[in-house]
4 protein chains.
Amino acid sequence: MPSRKDIPSIVKNQRLVDQRRQQIIRAAVRAFHEKGYHRTTTREVAAAAGFSIGTLYEYIGSKEDILFLVCDAVYDDVTARWKELQQSDGTGLERLRQVMEAYFRSVDDLQDAVLVMYQETKSLSGDALAYVLEKETRMQQVFQQELAEAEKLGVIHLSEEARPLFAHQILVAGQMWTFRRWALSKHYSIDTYIRLQIDQLFYGLRVQDERKETCGS
Amino acid sequence: MPSRKDIPSIVKNQRLVDQRRQQIIRAAVRAFHEKGYHRTTTREVAAAAGFSIGTLYEYIGSKEDILFLVCDAVYDDVTARWKELQQSDGTGLERLRQVMEAYFRSVDDLQDAVLVMYQETKSLSGDALAYVLEKETRMQQVFQQELAEAEKLGVIHLSEEARPLFAHQILVAGQMWTFRRWALSKHYSIDTYIRLQIDQLFYGLRVQDERKETCGS
Amino acid sequence: MPSRKDIPSIVKNQRLVDQRRQQIIRAAVRAFHEKGYHRTTTREVAAAAGFSIGTLYEYIGSKEDILFLVCDAVYDDVTARWKELQQSDGTGLERLRQVMEAYFRSVDDLQDAVLVMYQETKSLSGDALAYVLEKETRMQQVFQQELAEAEKLGVIHLSEEARPLFAHQILVAGQMWTFRRWALSKHYSIDTYIRLQIDQLFYGLRVQDERKETCGS
Amino acid sequence: MPSRKDIPSIVKNQRLVDQRRQQIIRAAVRAFHEKGYHRTTTREVAAAAGFSIGTLYEYIGSKEDILFLVCDAVYDDVTARWKELQQSDGTGLERLRQVMEAYFRSVDDLQDAVLVMYQETKSLSGDALAYVLEKETRMQQVFQQELAEAEKLGVIHLSEEARPLFAHQILVAGQMWTFRRWALSKHYSIDTYIRLQIDQLFYGLRVQDERKETCGS
DNA sequence: CATGAATGAGACTTCATTCAT
DNA sequence: GATGAATGAAGTCTCATTCAT
């Protein structure tokens with residue numbers, strides 16, 4: 001049940017609605033990225049989308065709806081990539097790696113949208129916020145399940161207590177790429193970033209573990 | 001030389017300025033946390049601080065300045081805690097643990113302020129943004145140095161390439177506690193969170209490392 | 001090329017823009033005349049013009065722009081009257097008289113606007129002020145040329161040194177009618193005023209000229 | 001009866017009041033000249049005068065009062081100069097010349113104050129305005145009397161009808177020097193200006209008078 | 001379906017004035 | 001008599017949203 005927020009549209013022709021909304025998303029992401037959600041006017045979004053303010057409001061009910069459109073676009077992209085993965089045959093650690101990379105790639109492709117979604121979304125009002133958080137939670141749960149799977153297979157060792165945190169960690173590691181991009185992109189390409197992040201998540205600091213250690217004896 | 005943004009104040013008495021600004025920070029954090037920076041009016045901040053709108057503007061030059069006040073308060077707190085640590089005699093892994101924990105505790109104590117700073121800060125205008133990013137960078141570099149130190153002592157193994165990323169990772173791990181608090185606080189207390197985060201950052205997923213491996217054989 | 005200040009308008013329809021701006025000018029002149037520019041609020045101008053404050057700002061960029069609108073209206077009127085004169089066939093003293101009278105009549109017709117322009121204009125900020133002064137200068141030069149022409153024809157005797165001053169004098173003689181109207185209108189009708197002013201400008205005090213003199217001898 | 005506007009002062013010591021008010025006038029003239037009356041804050045005047053805002057209000061009742069102080073200073077100066085003239089023994093045309101020159105010199109000396117008075121004064125509220133206009137009227141009447149005197153002596157020929165206008169003309173000729181200074185000072189020094197103005201007022205354009213003409217016959 | 005002019009609540013900020021110290 | 005912190009009314013301008021064409 002892909003719980004899609006019901007955004008009112010005066011226009012009936014669904015094909016047209018979808019097309020126009022794609023335009024809106026593209027325009028909004030660009031504009032929000034440059035000036036932030038609050039500093040961007042609906043007029044600017046309309047203009048960037050190539051139609052008039054009146055037309056914009058034929059396809060949305062309020063400015064907040066534009067944010068939803070952007071959010072859904074982001075989630076849909078990640079979900080789609082994961083669905084493709086379903087058919088691939090990775091398992092164990094490899095599977096984990098693939099799921100993470102798919103997510104990171106998605107974030108990179110939609111970086112502006114993710115950033116916008118990420119920064120502006122939290123200041124929404126109750127109803128709206130709940131919807132977004134629920135989507136976030138769903139993604140976090142996907143990672144949590146994958147971790148549980150890997151644990152079951154014995155390829156990782158992650159206490160049940162730590163598992164939710166780790167799922168969040170992965171999620172945030174992806175978002176980081178957008179909201180710390182001003183610093184990260186000085187050091188890393190997306191490929192390097194993905195490699196290092198996965199490495200770091202897997203192995204940490206390679207501390208001489210005082211506890212479990214060590215092999216023999 | 002802690003590069004303090006120069007916020008204009010009409011009032012001369014510095015003692016009073018400091019006191020009033022503390023009130024402003026407290027009020028602003030509370031208000032921004034509830035409604036977000038953009039949705040909070042300056043009047044509301046003034047009211048929450050216990051004085052009139054006119055008085056508020058005797059101590060700041062513009063609404064943005066309030067954000068700076070909040071930022072500085074946050075950075076000052078972390079810095080102060082680190083300074084205390086200076087005199088403690090931790091070394092190696094223990095030292096690293098202490099620096100991280102001090103930061104995490106600071107974030108927890110000022111969680112609302114950190115969240116506000118974190119979410120609203122990025123949508124500032126050029127000049128203002130630069131100031132905040134510079135502060136962020138300085139913190140990241142503190143972690144980077146600590147990591148370099150630990151590396152030199154041989155207690156961790158972190159490639160030079162990965163070091164900046166890891167420093168960011170620690171920083172974000174702290175901020176996470178505020179901006180994903182809606183989810184994290186369901187599972188963890190701050191103590192647990194700190195323990196698990198440090199553990200995770202140190203050891204990752206305890207993957208059976210395919211590469212370096214492995215003891216016997 | 002009558003260097004028209006570019007006042008931004010959100011509305012595109014030029015026909016409408018012109019019409020609304022006429023309304024604004026009329027309303028502004030009335031309001032400014034009663035309370036002065038600074039004491040009149042934009043809201044009052046909007047109300048007097050018959051639309052909302054929001055609509056007002058669809059046709060101007062700032063309060064100052066209203067003053068420009070008024071100025072242009074005044075200059076345009078005078079210029080238009082002079083253009084009509086072009087085709088008339090006055091020459092010599094008659095021509096001079098006509099140019100001056102046309103100007104005086106214009107001032108009288110738009111007296112409120114002229115007064116407003118006259119009193120409020122000087123306290124504008126750099127850029128804005130320059131624009132108005134340039135227009136004033138242009139008018140002064142028109143008189144200067146007319147005087148030069150008359151001089152060449154030998155119908156007046158005005159040293160080259162005194163010519164710019166005299167042009168200013170005429171200009172001010174017109175403005176006087178608005179800014180000393182509180183006193184002048186007690187004594188004179190506009191017709192009388194014009195007659196006396198021209199007479200005074202032409203003949204001065206009919207002093208027994210001590211210098212040039214005199215007829216015989 | 002020099003009808004002095006009663007400006008309230010909390011301070012009783014009259015000597016101190018006078019001294020402080022001199023400071024206020026000087027500071028106000030400078031400030032108003034630079035930024036205009038409305039754009040200048042009372043704080044700025046106080047600062048320029050060398051004391052605090054609180055102290056300023058010990059010597060005036062409201063911002064408007066500062067304008068009165070300036071006005072009175074101007075009128076007092078002119079009046080003082082005329083009083084000196086009383087004792088000189090000029091008569092006829094020479095006397096007229098002296099009265100005008102005294103006025104022009106006064107205007108030049110206090111040019112900033114005159115300009116301020118001139119531009120800002122008209123937008124005052126009823127009561128205040130009346131006071132200033134009355135002062136203006138009194139000055140105009142001085143000129144009118146002088147003209148009547150000269151007429152009686154037969155040194156000028158000015159119809160009774162034209163006399164009030166001419167008195168205004170002289171007054172405005174003085175004020176011109178301040179409010180068209182931006183243009184006039186390019187061409188003339190104050191000495192030249194005075195010479196040319198008097199000449200112009202006396203002789204006009206030296207038109208070949210079509211009417212009265214001419215000496216003989 | 002598209003347009004864009006109109007609306008007006010509400011935001012930030014200024015500044016004349018007061019009054020306790 | 002001097003100070004300057006506090007006040008809050010009021011001003012300019014923005015912008016999400018509507019609706020007649």
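For clarity, every value in this text was computed on a predicted model and none was experimentally measured. Reminder, nothing fancy here: chain letters follow the sequence lines and each chain counts from 1. Any value given below was found using the heavy atoms of this structure, including those in side chains, with hydrogens, waters and symmetry copies removed.
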From the candidates F/dT12, E/dA5, E/dT18, the one with an atom nearest any side-chain atom of C/Thr42 is F/dT12
Below 6.0 angstrom between ring centroids: does that apply to C/Tyr57 and C/Phe51? no
Over how many whole Å does the gap from B/Tyr57 atom OH to F/dG11 atom P extend? 18 Å
Nucleotide E/dC1, atom P - distance to CD of A/Gln23 in whole Å: 14 Å
Give me the atom names and distance for the closest heavy-atom approach of B/Arg21 to B/Leu69. CD-CD1, 4.0 Å
In terms of ring plane angle, is the pair B/His38 and A/His38 parallel, tilted or perpendicular, where the classes change at 30° and 60°? parallel
Rounding to a whole Å, what distance do you find between B/Arg20:CZ and F/dG4:P? 16 Å
Rounded distance in Å - CD1 (A/Ile66) to P (F/dC15): 14 Å
Can you tell me the Watson-Crick or wobble partner of E/dT21, both distances under 3.5 angstrom? F/dA2
In terms of side-chain heavy atoms of C/Asn13, which of E/dA5, F/dA2, E/dT7 is nearest? E/dA5
Can you tell which of F/dT18, E/dC1, F/dC13 lies closest to the side chain of A/Ile53? F/dT18
Nearest-Å distance for atom pair CG/C1', residues D/Leu56 and E/dC19: 15 Å
To the nearest angstrom, the CD1-C1' distance between D/Ile10 and F/dT3 comes to 13 Å
So, under a plain 3.5 Å distance rule, would you say the side chain of C/Arg43 forms a donor-acceptor pair with the base of E/dG10? yes
From CG (A/Asp72) to CG (A/Asp65), nearest 0.5 Å: 10.5 Å
Which of these nucleotides, E/dA2, F/dG1, E/dG8, is closest to any side-chain atom of A/Thr55? E/dA2
From F/dA5, E/dT3, F/dA16, nucleotide with atom closest to A/Glu58 side chain: E/dT3
Ignoring the backbone of A/Tyr59, work out which of E/dC12, E/dA2, F/dA16 is nearest its side chain. E/dA2
Let me spell it out: for each of B/Ile60 and A/Phe51, pick the nucleotide of DNA chain E with the closest heavy atom. Which residue's pick is nearer the 5' end? A/Phe51
Nearest-angstrom distance from the residue atom OH of D/Tyr37 to C1' of E/dC15: 12 Å
Output the single nucleotide from F/dT17, F/dA6, E/dG8 whose closest atom is nearest the side chain of B/Val11. F/dA6
Nearest 0.5 Å, please: how far is NZ in B/Lys135 from OG1 in B/Thr121? 11.5 Å
Which is more 5' along DNA chain F, the nucleotide nearest B/Gly50 or the one nearest C/Lys63? Just name the residue. B/Gly50
Give the rounded distance in Å between these two atoms: CD of B/Gln14 and P of F/dG4. 15 Å
Heavy atoms only, 4.0 Å cut-off, all strands: where does A/Thr40 land among base, sugar-phosphate and nothing? sugar-phosphate
